[in-house]
S.K.: 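Submitted below is the structure of interest, expressed as structure tokens.
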There are 2 protein chains.
Amino acid sequence: MKANLDAIDWKILKELQDDGRITNVELARRVGISAPPCLRRVRALEESGIITGYRALVDEKALGFDVTMFAMVGLASQAEADLSAFVARVQGWSIVRECYMLSGEADFILKCVAPTLRAFQAFIEELTSASSVESVKTSLTIRRVKDAPAVPIG
Amino acid sequence: MKANLDAIDWKILKELQDDGRITNVELARRVGISAPPCLRRVRALEESGIITGYRALVDEKALGFDVTMFAMVGLASQAEADLSAFVARVQGWSIVRECYMLSGEADFILKCVAPTLRAFQAFIEELTSASSVESVKTSLTIRRVKDAPAVPIG
DNA sequence: TTTGAAATTCTCCTAAA
DNA sequence: TTTAGGAGAATTTCAAA
């Protein structure tokens with residue numbers, strides 16, 4: 001699965017990370033090749049799984065989601081069954097937008113988005129009382145300092 | 001700036017969060033209106049700042065960025081000058097992909113992406129010795145459990 | 001006011017050289 | 001890679017709800 005990309009492929013990835021809605025013609029112009037091979041490269045990147053999708057970015061606050069919080073969660077047991085059960089619950093909680101399993105002290109980190117602090121607190125109660133959840137430590141975000149695309153290019 | 005959106009606008013946002021490269025015609029079909037008003041709505045969402053951009057999602061691991069870590073950073077001083085200085089440094093560190101200022105114990109949370117653990121460790125040394133940085137606590141991610149768009153819709 | 005239908009213009013994609 | 005042809009989309013206009 002490891003990719004063998006040349007400089008133009010990297011440029012394509014950089015441009016599409018910066019603007020996922022750019023047209024193929026404009027993309028080709030920016031990376032310095034003609035449109036047909038550019039489109040072929042994009043297709044290849046998509047088919048090989050390097051480009052996994054495209055997403056519109058939205059302003060949560062403008063939509064009334066004023067609260068962004070992180071929660072560090074520790075489970076009482078790291079048995080595979082307990083981990084799987086928790087992962088399944090995470091998928092069902094729409095307030096949880098991102099979740100990573102961690103090594104070290106906490107077992108999971110959750111990034112949560114909610115309309116109000118109250119809504120978030122209600123979720124934390126549900127989270128805390130979820131089976132096998134032992135500890136929950138929350139951090140309220142004051143502001144977003146940086147939100148760059150997944151991979152640093154250039 | 002607070003938006004006054006109807007059900008169709010929300011559907012548009014949902015679809016564009018799921019697939020930012022969808023054509024306007026297909027988008028219109030999915031949300032149940034014709035193309036012209038659909039395009040007008042998308043433009044309005046963009047111009048009002050609700051849609052802030054579009055981004056291709058890429059598979060970091062396939063590109064050789066095998067390490068994703070979170071770092072909690074505490075500063076010795078929360079004076080505005082020190083916060084600003086740290087924020088400025090964060091912008092310059094390409095390894096830091098996301099950063100939020102927090103309330104509570106830590107002052108910042110950083111999401112970092114690096115090709116190797118060694119590269120990440122080198123960064124942590126730089127981070128730890130940065131001016132006014134008092135504490136750094138890192139968590140290595142084992143796997144991504146969930147990565148949903150910014151706002152829950154539907 | 002906003003929609004939807006139609007028509008035009010434009011741009012992109014694909015195939016062939 | 002470039003070109004050309006054809007397809008489909010974006011955008012404007014206009015009529016109607």
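Chain identifiers are assigned alphabetically (A, B, ...) following the order of the sequence lines, protein sequences preceding nucleic acid strands; residue numbering begins at 1 within each chain.
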S.K.: Roughly, in whole Å, what's the span from CZ in B:R21 to P in D:dA9?
M.R.: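 So the two atoms are 14 Å apart, to the nearest Å.
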
S.K.: Minimum heavy-atom separation for A:L127 to A:A71, with atom names?
M.R.: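 Minimum heavy-atom separation between A:L127 and A:A71: CD2-CB, 4.5 Å.
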
S.K.: Do NZ/NE/NH1/NH2 and the carboxylate oxygens of A:R89 and A:E126 come within less than 4.0 Å?
M.R.: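 Salt bridge flag = yes for A:E126 with A:R89.
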
S.K.: Please check if the side chain of A:K146 supplies one atom and the backbone of B:V96 the other of a donor-acceptor pair under 3.5 Å.
M.R.: yes

S.K.: Given atom CD1 of A:I33 and atom P of D:dT2, what is their separation to the nearest angstrom?
M.R.: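 Nearest whole value for this atom pair: 10 Å.
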
S.K.: For the residue pair A:S132 / A:D82, report whether a side-chain donor-acceptor contact shorter than 3.5 Å exists.
M.R.: no

S.K.: Between B:Q17 (side chain only) and B:V151 (backbone N and O only), is there a donor and an acceptor less than 3.5 Å apart?
M.R.: yes

S.K.: State plainly whether the residues A:R97 and A:E60 are in salt-bridge range, i.e. N to O under 4.0 Å.
M.R.: no

S.K.: So if I take the C1' atoms of five pairs at each end of the helix from C:dT1-D:dA17 to C:dA17-D:dT1 and get each local axis, what angle do the two axes make, rounded to 10 degrees?
M.R.: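 Nearest ten degrees gives 30° for this helix.
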
S.K.: Identify all pairs in which a protein N or O lies below 3.5 Å from an N or O of nucleotides 10-16 of chain C, and state each distance.
M.R.:
from, atom 1, to, atom 2, distance (Å)
C:dC12, OP1, A:T23, OG1, 3.2
C:dC13, OP2, A:N24, ND2, 3.2

S.K.: Starting from P on D:dA10, measure out to CZ on B:R29 and report it in whole angstrom.
M.R.: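 About 14 Å, once rounded to whole Å.
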
S.K.: Do B:R21 side-chain atoms and A:I22 backbone N/O form a donor-acceptor pair below 3.5 Å?
M.R.: yes

S.K.: Short question: side chain of A:D18, backbone of A:E15 - any donor-acceptor pair under 3.5 Å?
M.R.: no

